[in-house]
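Written below as structure tokens is the structure these notes are about.
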Amino acid sequence: MSPPTATTKPPTDPFIRGIYRPSPLASTLFVALRTLDPLLQYTLTTTPLLLPLLSHLITISPPSTSLSPRGTVLLSMSALNALKQLLWLLHLSREPLSLSSALSIGAANFILGAAMSALYLTTSPSPATVAAGALLYYAGLAVETGSELQRKAFKDDPANRGRPFTGGLFAWARHVNLGAYAVARAGYAVAAGGWVAGALVGGVFAWDFVGRAVGVLDGYCEGRYGEEWRQFRRRTRWWLIPGVY
């Protein structure tokens, strides 16, 4: 597969890169939306709110008012997704967040979470499948979070000002955090609805990252870091997931 095309002024990037200033209003909105999301997902899985929609598609019994062990695993994934994104906003990211991005990210997470809740109510993956999905999810989240914490530590050192972080987990793949995020989301879907659901969700994120995000980021990094980034690109073969792409 040929590499994505890098662009230096991407129209599809929701973030303002290379400018460092606070965005209190958008950040407050983002924190509120992401904090509420696990509570909303819990409500969807323990009350009949989704029944009118789902009953048109499948015969379904009213949900239990208490979560099953599988439901507890899925709720933990929803909560950890929210916590990771709050960590990103409040500690890892330095760029400002726009109101439209805060709203769109919050809405996208809610819609995807609602889809996982619907899968929970309408499917019954085997315990082994749920365990495999959980393993994919937690491994992906660990690599995503670990790589971004490594990059944060590198960037916080004044000696590294103006340089790209090319070590740690990023030495495995140029955008390893994005690849790990796609794996985590796929694992979430596997635990919620089985392997077909996981393949669909992972495929959507892979399609978006390969077709848009990687090109956006690569173009930005090449414009900002120049030859140092080009050297990193030459010695680091993989874009997202080592051994895969």
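Side chains included, hydrogens not; waters and symmetry mates left out as well; all remaining heavy atoms used.
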Here the gap from Leu83 atom CG to Thr35 atom OG1, rounded to the nearest 0.5 Å, amounts to 8.5 Å
Are side-chain heavy atoms of Ser66 and Thr46 found at a separation under 4.5 Å? no
Does Arg230, at its CZ atom, have more than 12 non-hydrogen atoms belonging to other residues, nucleotides or ligands within less than 6.0 Å? yes
Tell me yes or no: between the side chains of Ser101 and Ser98, is some donor less than 3.5 Å from an acceptor? yes
Arg151 and Phe170: side chain to side chain contact (heavy atoms under 4.5 Å, CB included), yes or no, with the steps? CA-CA 8 Å; Arg151 182 173 60 189; Phe170 281 95; 3.6 Å; yes
The reported gap from OG1 in Thr145 to OH in Tyr181 (rounded to nearest 0.5 angstrom) is 11.5 Å
Between Ser76 and Tyr138, is there a side-chain donor-acceptor contact under 3.5 Å, judged purely by atom types and distance? yes
CG of Leu121 to CE of Met116, rounded to nearest 0.5 Å, is 12.0 Å
Of all heavy-atom pairs linking Ala26 and Ala102, the shortest is O-CB, 3.5 Å
Intermediate values then yes/no, side chain to side chain contact (heavy atoms under 4.5 Å, CB included), Arg185 and Leu112: CA-CA 10 Å; Arg185 281 296 191 177; Leu112 188 57; 3.4 Å; yes
Verify whether one side chain among Tyr120 and Ser68 offers a donor that lies under 3.5 Å from an acceptor in the other. yes
Given the rule that I, L, V, M, F, W and Y join up when any side-chain heavy atoms are under 4.5 Å apart, are Leu217 and Leu169 in one cluster? no
Heavy-atom check, side chain of Trp238 versus side chain of Val244, under 4.5 Å: no
Closer than 3.5 angstrom, by distance alone: can the side chain of Lys84 be matched with the main-chain N or O of Leu141 as a donor-acceptor pair? no
What verdict does the side-chain hydrogen bond (donor to acceptor under 3.5 Å, both in side chains) test give for Arg70 and Thr129, after you've listed the backbone C-alpha separation in whole Å, the side-chain angles of each residue and the deciding distance to 0.1 Å? CA-CA 11 Å; Arg70 172 169 153 253; Thr129 297; over 6 Å; no
Hydrophobic cluster membership, with links at side-chain heavy-atom distances under 4.5 Å among I/L/V/M/F/W/Y: are Leu178 and Trp172 in one? no
Is Thr45 reaching over with its side chain to a backbone N or O of Leu67, donor-acceptor style, under 3.5 angstrom? no
State whether the number of non-hydrogen atoms from other residues, nucleotides or ligands found under 6.0 Å of Trp88 atom CH2 is greater than 12. yes
Give the minimum heavy-atom separation between Ala82 and Pro38, together with the two atoms involved. CB-CG, 4.0 Å
Is it true that Arg233 and Glu222 have a side-chain N and a carboxylate O under 4.0 angstrom from each other? yes
Separation between CG of Leu149 and CG of Asn177, rounded to the nearest 0.5 Å: 11.0 Å
Report yes if some heavy atom in the side chain of Val201 is under 4.5 Å from a heavy atom in the side chain of Tyr188; otherwise report no. no
Among side-chain atoms of Trp239 and Asp218, is any donor-acceptor pair under 3.5 angstrom? no
Interatomic spacing from CG in Leu29 to OG in Ser23 - rounded to 0.5 Å: 10.5 Å
Quick check on the hydrophobic clustering: are Phe205 and Tyr245 connected, directly or via other members, by side-chain heavy-atom contacts under 4.5 Å? yes
Are Tyr225 and Thr166 close enough that some pair of their side-chain heavy atoms sits under 4.5 Å apart? no
Taking it one step at a time, do Glu148 and Lys155 satisfy salt bridge (Lys or Arg N to Asp or Glu O under 4.0 Å)? CA-CA 10 Å; Glu148 293 179 357; Lys155 291 289 188 179; over 6 Å; no
Quick one: closest heavy-atom pair of Val176 and Ser147, and the distance? CG1-CB, 3.9 Å
When rounded to the nearest 0.5 Å, the distance separating CG of Asn160 from CZ of Phe154 is 3.5 Å
Check whether the side chains of Gln41 and Ser117 place a donor and an acceptor atom closer than 3.5 Å, and report yes or no. yes
Closest non-hydrogen contact found for Val190 with Gly198 is CG2-CA, 3.6 Å
Beyond-backbone contact of Leu44 with Leu40, side-chain heavy atoms, under 4.5 angstrom: no
From Arg234, Arg163, Arg235, residue fulfilling salt bridge (Lys or Arg N to Asp or Glu O under 4.0 Å) relative to Glu228: Arg163
With clusters defined by side-chain heavy atoms of hydrophobic residues (ILVMFWY) lying less than 4.5 Å apart, directly or transitively, does Tyr137 cluster with Trp195? yes
Give a yes or no on whether the backbone of Val204 and the side-chain of Asp208 come within a donor-acceptor separation of less than 3.5 Å. no
Check the angle between the aromatic planes of Trp229 and Phe232 and answer parallel, tilted or perpendicular using the 30° and 60° thresholds. perpendicular
Side-chain heavy atoms nearer than 4.5 Å, only ILVMFWY residues, links allowed to pass through others: does that put Phe30 and Leu90 together? yes
Thr123 and Ala192 have their tightest heavy-atom pair at OG1-O, 3.0 Å
Would you say the side chains of Gln85 and Asn81 form a donor-acceptor pair under 3.5 Å? no
Restricting to non-hydrogen atoms, name the atom on Pro125 and the atom on Ala191 that form the minimum distance, rounded to 0.1 Å. CG-O, 4.0 Å
